[in-house]
Chemist: 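Next up is a structure, given as structure tokens.
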Amino acid sequence: MGQIDYGDTAFILMSSALVLFMVPGLALFYGGLVRSKNVLSTIMHSFFAMGIISVVWALVGYTIAFGSTDWALGSFMGSFEHIGLAGTLGEMEGTIPLPVFIAFQGMFAVITAALISGAFAERMKFSAYAIFITVWSIVVYAPMAHMVWGGGFLAERGALDFAGGTVVHIASAAAALAGAIVLGKRKGYGTTAFTPHNLPMTVLGAGMLWFGWFGFNAGSALAADELAGTAFLATHLAAAAGMLGWLAAEWIKRGKPTTLGAASGAVAGLVGITPAAGFVTPMSGILIGLAAGVLCFLGLSLKERFRFDDALDVVGIHGVGGTVGAILTGVLASTLIYADLAEVLADVGRGGLILEQAIGVVVTIVFSFVASFIILKLIDLVIGLRVDEEAEETGCDLTEHAESGYVL
Amino acid sequence: MGQIDYGDTAFILMSSALVLFMVPGLALFYGGLVRSKNVLSTIMHSFFAMGIISVVWALVGYTIAFGSTDWALGSFMGSFEHIGLAGTLGEMEGTIPLPVFIAFQGMFAVITAALISGAFAERMKFSAYAIFITVWSIVVYAPMAHMVWGGGFLAERGALDFAGGTVVHIASAAAALAGAIVLGKRKGYGTTAFTPHNLPMTVLGAGMLWFGWFGFNAGSALAADELAGTAFLATHLAAAAGMLGWLAAEWIKRGKPTTLGAASGAVAGLVGITPAAGFVTPMSGILIGLAAGVLCFLGLSLKERFRFDDALDVVGIHGVGGTVGAILTGVLASTLIYADLAEVLADVGRGGLILEQAIGVVVTIVFSFVASFIILKLIDLVIGLRVDEEAEETGCDLTEHAESGYVL
Amino acid sequence: MGQIDYGDTAFILMSSALVLFMVPGLALFYGGLVRSKNVLSTIMHSFFAMGIISVVWALVGYTIAFGSTDWALGSFMGSFEHIGLAGTLGEMEGTIPLPVFIAFQGMFAVITAALISGAFAERMKFSAYAIFITVWSIVVYAPMAHMVWGGGFLAERGALDFAGGTVVHIASAAAALAGAIVLGKRKGYGTTAFTPHNLPMTVLGAGMLWFGWFGFNAGSALAADELAGTAFLATHLAAAAGMLGWLAAEWIKRGKPTTLGAASGAVAGLVGITPAAGFVTPMSGILIGLAAGVLCFLGLSLKERFRFDDALDVVGIHGVGGTVGAILTGVLASTLIYADLAEVLADVGRGGLILEQAIGVVVTIVFSFVASFIILKLIDLVIGLRVDEEAEETGCDLTEHAESGYVL
Amino acid sequence: MKKIEAIVKPHKLEDVKDALNKLGVAGLTAYEVKGFGRQKGHTEIYRGAEYTVDFRPKVKLEVVVEDDLATAVEEAIVEQARTGKIGDGKVFIYDCEGAVRIRTGERGPEAL
Amino acid sequence: MKKIEAIVKPHKLEDVKDALNKLGVAGLTAYEVKGFGRQKGHTEIYRGAEYTVDFRPKVKLEVVVEDDLATAVEEAIVEQARTGKIGDGKVFIYDCEGAVRIRTGERGPEAL
Amino acid sequence: MKKIEAIVKPHKLEDVKDALNKLGVAGLTAYEVKGFGRQKGHTEIYRGAEYTVDFRPKVKLEVVVEDDLATAVEEAIVEQARTGKIGDGKVFIYDCEGAVRIRTGERGPEAL
Ligand SMILES: Nc1ncnc2c1ncn2[C@@H]1O[C@H](COP(=O)(O)OP(=O)(O)O)[C@@H](O)[C@H]1O
Ligand SMILES: Nc1ncnc2c1ncn2[C@@H]1O[C@H](COP(=O)(O)OP(=O)(O)O)[C@@H](O)[C@H]1O
Ligand SMILES: Nc1ncnc2c1ncn2[C@@H]1O[C@H](COP(=O)(O)OP(=O)(O)O)[C@@H](O)[C@H]1O
């Protein structure tokens, strides 16, 4: 059992707080993009995840993700030894107390669930949403975390995912895609203008996300060491370059650089660097950010081509960005940052590593999409997923929550 | 004199920043709940506390709270040796430099004063408010902090209050109750609808509070150690469970779960866990949060039953939540987290501990209520507490500050 | 090469995150002050700086600021050895990894560029703005940072600037002055009312700035030690006193204390303490804050006297506040905090130190003003600085970014 | 039919609506307006500069009624909206030539 | 000239505008209003207390047209704005005595 | 009495108000509206998608005056609100049958 380091512990405690802070950030990022009659229901999607997923994490999520691999299903999920956090007091995870690690990882569970909700905006029943993310977090997220970080089979194969490119972003985007398909389009989609009602709110949300992402990525070093430092810097530069990439693409294709583009591009860059942050040099962060910014901008057209109503572009940003990041992690991972890489490269070569990354992406998409699809269909059967037409017209704030966002 | 630990110091510095950040969070939490014509005056209540109380803390508050107990009134207030922070440079508090401790504690003084203002919203003169919180912080808060944390008589008796259930929440709620009574009801109370003007603002405020509360509770360990870690996790789970408890109660009683309910419930859970965070296991955090969430929801009806206009429910949330937390701290305190507890239990038993907690609550309520009542009456006599009728109708933003919140 | 300290590293990583968070804070602080038709373009000024300046910093800014002094122009700028961050991995800066220092300093480059934009609000072309801050950051900011912090000639002379009174605040204010003059007044200046459209947004921004400033000033200790602690406390008290100073001046001169005054005064206090934070006692923070609060309030009249349209008072707050702070640093620097001061005082005396501070101020103003003026004139010649009249009337959000801030 | 427009203090809207409802008025339309009049405006202060704002927040309500109800409506509004202080507002009466209920196509007084 | 005022459901504004435009109406003015009528309001809940809100969001549009276009305009509005559900709104017709185009000073029907 | 309604560019409101005030008009009412007309709208871009917005922000003001002041008021508005560019707006004149000052109960021109 490790010896506690107070510096590392301070850092992960604060990183946990930062990741938690991303959730209200996401609430605002999403909330500003919908019409004002749905601002609260959209914000509630993220905010409520802070409640339900945190409790679920303590009860069962943690043990499924990080319980022992030493049982029949150990490649896919941890054993139930830590149910209700049993046996976690007084333990260590490296140089930090285990409860700190549990808190840190719990924040990831929360934000991942919340990310999905961007595809559900403006038409989903709150009760259905509540059930969905609860089940999803147990059945999809926790096993995914186990497979990649908890010693499960993807970890075994050697897929690199520093802070959650697959586990967080691709998994949530695949669920979002399932959601957009099962829910169907918003009333008026294609004819009515669904324009953001409050972009300053969205930019504030993006600022909070950027800020919190330092905890997400640098904190994933689980220590306040040089690795945390390079991950921090790579994260920052990727966000910056993501903004520039998106703005450049937009300026060329649409003639104007937009504020929403700047915010979206920064998020795209952050998504892209997530799997890579602890494996690449800071300067590679610029490349990854640029690529993610441009490709996510182009990825927006996916929903038009395939005609699904991913209201707030979870697929376009987290799906595309996560995939770009996962692949580029394979391409750009550097022994300067990740010494063990030398061995991997000797073993399977750069091509083999990239292939492994691609396998991780595909497994995640397939698993999360299929599972999400099934869960959603079941909920739809039993209680229905969608508010009725009139409620959609009135807005979900009033019909689902009996509240109005603004009385200015 | 202790040896400095840079990890602990880093943690308390950042915790201090987080606690400070709760104050603008509170400003928005409260600000969103009033009508738009009072948004600035309500925000100003919290924001101004950051100015006046910080300075007052450095000048006299700190020495009253943490000056030596070694004089005539030592059971009730510290000696004046550190007036103007005299003799604090180069000193240590455990493993952190004393100035860091002073800053950390100063933030508590600020937020406690600001909390009261929820009961004053929409009708109090700014000048009266400014005088009130200044006097209150010196005459009520600093002595309370001394009695509980500074070696005063409640500390002596063995009351447990990790991060301020009594000192912060109950003390401010008792003052709020006095304020609601002395000020009287808002014009139109009972006939006009006093509905929130900007709930996204309130939710953002709640998010900032949750984030900052990690500094508040985990920081109260004064070290980045396992205690900080369990306090952090207990705090997070209590907030989450508080949200769930409130929403469940609301869903059952009113038929809808509301966004404001989610935000209020999270705050209730955070209030409830405040005295307990460093004495209970993380899983107990869930129990305390649930209890606080449900009971604070029910506690809202107090103001109707007793017909006082506690505009933003300081009594219902901080009073009820603080009391629930203080009592449950006695019930759930665990030797797993707080080894010294064994001795206390051997001494007075669980019942004795709970009794001690109850005594702490009662002393705080009586002291703060009576003192606040007297201060308010005196101010009312001399300069008047309340804006005139027409000003109330126009809104305090214009009449007290010559400003408008929005020109959208 | 130093030994890494995890506590210090944790602290500077978090401080870097806090400084980054000041930028969306500034975006909102400024954004709330303009008319709603310019809210996004104003926010974009700050937000975009997070993108472009971060990348520019990694590419060339860092090496110009902190590259070796050991070459021909070493007194004015660093050598190009670290272009593209070459040769920075695996290095240390004191007890923290060099990449952490690079990230921390990069945030300063971002916020400094963003600060200038307050003078450009409501009338500048986005393309011209983008070019301006890019060039300015390379040609003005990085050399200034070198001269004061990187071993350049002002450092040599002994000017004290703990966290950027000259480098950040005076340099940006001088550029803002040049901008206000070259751009000219907003259409309708003097006849139309340019009143803030969303003061709660501005107060939130001020809260974020206050919070982030702890990273800015305390982080400038580059360690989580007692110096960081006193700098933290001095910063906090100066912000508080700045608010009180401004409010008092305003209450006397205008008859009302305003919310915007509270926010502006806090920022003024923070600006004032920036150069001083690591050289003065916490109690001196109160004096500096009070002075900055009162003098910045009075400094607002400069723009009326000299008839330039510094839309959001960069000169009045950052120029005046930075100057007050720089001079008072000379007056109040204390050997209790800064032991090496004894030597300086022995050498040149208090008067000599103050003179040196004044020289630092003058050099910064002249250099930044002249360079900014030239850059702006060149951009104006080539692509034009200002949107056309009709665009100004419609608002820059629509014309520059094809977006609307609100559809409430 | 007559159209009656009233400009009243914002906090009087509910009372007026309730009174009209009791009179048998089945519908009305209201919106926020800025009023300039004898009631003087106010001063706002931002960064030390004073701005005079001449407009006051008011609510305007419009109701179309059959001719014979017009006087009663007018009186009810005046009664409910009066505080006796300057700025209480006005009632204006206009002629309305036609009305249609969109849902049913009913015309004239039937449509109200 | 006639002034036609219509109170419609907010999401119908675009359709109505397009229809009028096709009829040759060159301009119109719209704004958000709160409507009270047969369509009942809703309940909001804040901190456990229930509030009844009687007003519904509507959009009012106004268009001044030459006399002979009035009927067509009225019909187009009714057609486009109808959903058949309660709360579809009303159309009111008034007489307009004069019109001026500010830019040119043109008067009467020319000004429209 | 006549009711004069004008739709003008938002930044002209203050000038118009001042001019009417000089003419002896003691009160008026204004509010923000969205205007559709010859002045074309604009395009907004969100996440790569383009949206056309046909409506422009305008301010509408209403003033009821005695008959003999109507022409002067109309002219003053046209003069102040004119920029000569498309979208300057319109003035419309209507008949007003009655007016009441709520505060005093005064009726007719006295009420203005
Ligand atoms: N001639 C007018 N035309 C249109 N609106 C008017 C007129 N005169 C007053 N108003 C409206 O009535 C409101 C109240 O008028 P004011 O002169 O302030 O007080 P009072 O109605 O008590 O005489 C004004 O704010 C304005 O909205
Ligand atoms: N007499 C009236 N005068 C003015 N506006 C009216 C009147 N009656 C109804 N309205 C407006 O028309 C809207 C729709 O009326 P309502 O009675 O709810 O439904 P419907 O038009 O289907 O009968 C109301 O919300 C209100 O804005
Ligand atoms: N027939 C009409 N009825 C009502 N409002 C109109 C009408 N025509 C124009 N308007 C209003 O006048 C404004 C200006 O009209 P527009 O045709 O754009 O320019 P201009 O007045 O210069 O001819 C429009 O935005 C609209 O608000």
Side-chain angles (χ1 to χ4, degrees), chain A residues 5-11 14-15 18 35-36 95 195-200 203-204 206-208 210-212 214-215 218 223-226 228-230 232-233 236-237 239-244 247 254-263 265-266 281-283 286 289 336-337 405-406 408, chain C residues 4-11 13-14 16-18 20-21 23-25 27-28 31-32 39-41 43-44 47-48 50-55 58-59 84-85 88-90 96-100 102-103 106-107 110 126-127 130 198 201 204 208 224 397 400-408:
Chain A
D5 183 283
Y6 298 119
D8 291 344
T9 303
F11 183 56
M14 284 300 153
S15 292
L18 287 191
R35 289 164 298 168
S36 65
T95 60
T195 55
H197 87 283
N198 191 338
L199 281 182
V203 176
L204 168 58
M208 290 165 70
W210 190 327
F211 173 58
F214 290 126
D225 55 9
E226 173 158 22
T230 57
F232 186 108
L233 188 50
H236 180 62
L237 292 175
M243 184 197 294
L244 299 184
L247 287 178
R254 298 283 165 196
K256 302 257 182 197
T258 67
T259 312
L260 176 56
T281 64
M283 289 307 285
I286 297 185
L336 287 173
I337 302 293
Y406 308 97
L408 299 175
Chain C
I4 188 168
D5 182 282
Y6 298 118
D8 291 345
T9 304
F11 183 57
L13 283 167
M14 284 299 153
S16 305
L18 288 190
L20 182 277
F21 195 53
V23 189
L28 299 180
V39 61
L40 293 178
S41 55
I43 283 177
M44 184 69 161
F47 201 73
F48 179 69
M50 291 164 70
I52 190 70
I53 304 297
S54 302
V55 170
L59 295 178
L85 301 183
T88 58
L89 287 176
I96 62 173
L98 185 54
V100 177
I102 295 170
M107 305 310 185
V110 172
F126 179 71
S127 54
N198 191 339
M201 179 185 278
L204 167 58
M208 291 165 70
D397 292 3
E400 294 299 290
H401 305 294
E403 297 175 294
S404 287
Y406 308 97
V407 188
L408 299 176

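Per chain, numbering begins at 1; letters A, B, ... match sequence-line order. Worth saying up front: this structure is predicted, and the values here are computed from it rather than measured.
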Chemist: Return the option, out of C:D397, C:V23, C:I43, C:D5, with the maximum number of heavy-atom pairs under 4.5 Å with chain A.
Modeler: C:I43
Chemist: With the side chain counted from C-beta on, respond yes when A:P257 and C:E400 share a heavy-atom pair under 4.5 Å apart, and no when they do not.
Modeler: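 A:P257 vs C:E400: side chains apart.
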Chemist: Chain C heavy atoms under 4.5 Å from A:A228: which part of the residue, side chain, backbone, both or neither?
Modeler: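 Looking at A:A228, backbone and side chain both touch chain C.
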Chemist: Which atoms of C:S127 are under 4.5 Å from chain A, going by heavy atoms: the side chain, the backbone, both sets, or neither?
Modeler: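 Backbone plus side chain of C:S127, per the 4.5 Å heavy-atom cut-off to chain A.
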Chemist: What residue among C:L18, C:L13, C:L20 forms side-chain contact (heavy atoms from CB on, under 4.5 Å) with A:F214?
Modeler: C:L20
Chemist: Would you give the length of the straight line joining atom CD of A:E226 to atom CG of C:L89, rounded to the nearest 0.5 angstrom?
Modeler: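 Reported to 0.5 Å precision, the distance equals 6.5 Å.
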Chemist: In terms of heavy-atom pairs under 4.5 Å, which option from A:L204, A:V203, A:L199 contacts chain C the most?
Modeler: A:L199
Chemist: Counting heavy-atom pairs under 4.5 Å with chain C, which one of A:F11, A:F211, A:Y406 comes out on top?
Modeler: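 Maximum pair count with chain C is reached by A:F211.
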Chemist: Once rounded to the nearest 0.5 Å, what's the spacing between atom OG of C:S16 and atom NE2 of A:H236?
Modeler: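 Spacing of OG (C:S16) from NE2 (A:H236) equals 9.0 Å.
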Chemist: Rounded to the nearest 0.5 Å, what separates atom NZ in A:K256 from atom CZ in C:F126?
Modeler: 12.0 Å
Chemist: Which one of C:V100, C:L40, C:T9 has the most heavy-atom pairs closer than 4.5 Å to chain A?
Modeler: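 Going by pairs under 4.5 Å, I would pick C:L40.
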Chemist: Tell me which of these, C:E403, C:H401, C:M44, has more heavy-atom pairs under 4.5 Å with chain A than the rest.
Modeler: C:E403
Chemist: With chain C, which of A:P200, A:G7, A:G207 has the greatest number of heavy-atom pairs at distances under 4.5 Å?
Modeler: A:P200
Chemist: Is chain C contacted by the side chain of A:F232, its backbone, both, or neither, given a heavy-atom distance below 4.5 Å?
Modeler: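 Contact with chain C involves the side chain of A:F232 alone.
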Chemist: Would you say that C:L59 contacts A:M283 through its side chain, given a criterion of any heavy-atom pair below 4.5 Å between the two side chains?
Modeler: yes
Chemist: Counting only non-hydrogen atoms closer than 4.5 Å, does C:L408 touch chain A with its backbone (N, CA, C, O), its side chain (CB onward), both, or neither?
Modeler: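 Answer is both: backbone and side chain atoms of C:L408 are under 4.5 Å from chain A.
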Chemist: Heavy atoms only, distances under 4.5 angstrom: which of C:G25, C:S54, C:G32 has the most pairs with chain A? Name it, please.
Modeler: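 Most pairs with chain A among the choices: C:S54.
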Chemist: Using non-hydrogen atoms only, which part of C:P24 is less than 4.5 Å away from chain A: side chain, backbone, both, or neither?
Modeler: side chain
Chemist: So what's closer than 4.5 Å to chain C heavy atoms on A:A262: side chain, backbone, both or neither?
Modeler: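 Both parts, backbone and side chain.
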Chemist: Give a yes or no on whether A:Y6 atom OH has more than 12 heavy-atom contacts from other residues, nucleotides or ligands under 6.0 Å away.
Modeler: no
Chemist: Would you mind reporting whether A:L247 and C:F48 have side-chain heavy atoms less than 4.5 Å apart?
Modeler: yes
Chemist: Counting heavy-atom pairs under 4.5 Å with chain A, which one of C:G84, C:G31, C:A130, C:A402 comes out on top?
Modeler: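 Heavy-atom pairs under 4.5 Å are most numerous for C:G84.
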Chemist: Specify the closest pair of heavy atoms between A:A240 and C:V55, including all atoms of both residues, with the distance to one decimal.
Modeler: CB-CG2, 3.9 Å
Chemist: Which atoms of C:L28 are under 4.5 Å from chain A, going by heavy atoms: the side chain, the backbone, both sets, or neither?
Modeler: side chain
Chemist: Of the non-hydrogen atoms in C:F47 and A:M243, which two are nearest, and what is the gap between them?
Modeler: O-CE, 3.2 Å
Chemist: Do A:L233 and C:L85 make a side-chain contact, defined as non-hydrogen atoms from C-beta onward lying under 4.5 Å apart?
Modeler: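 When only atoms from C-beta onward are counted, C:L85 and A:L233 do touch, with a gap below 4.5 Å.
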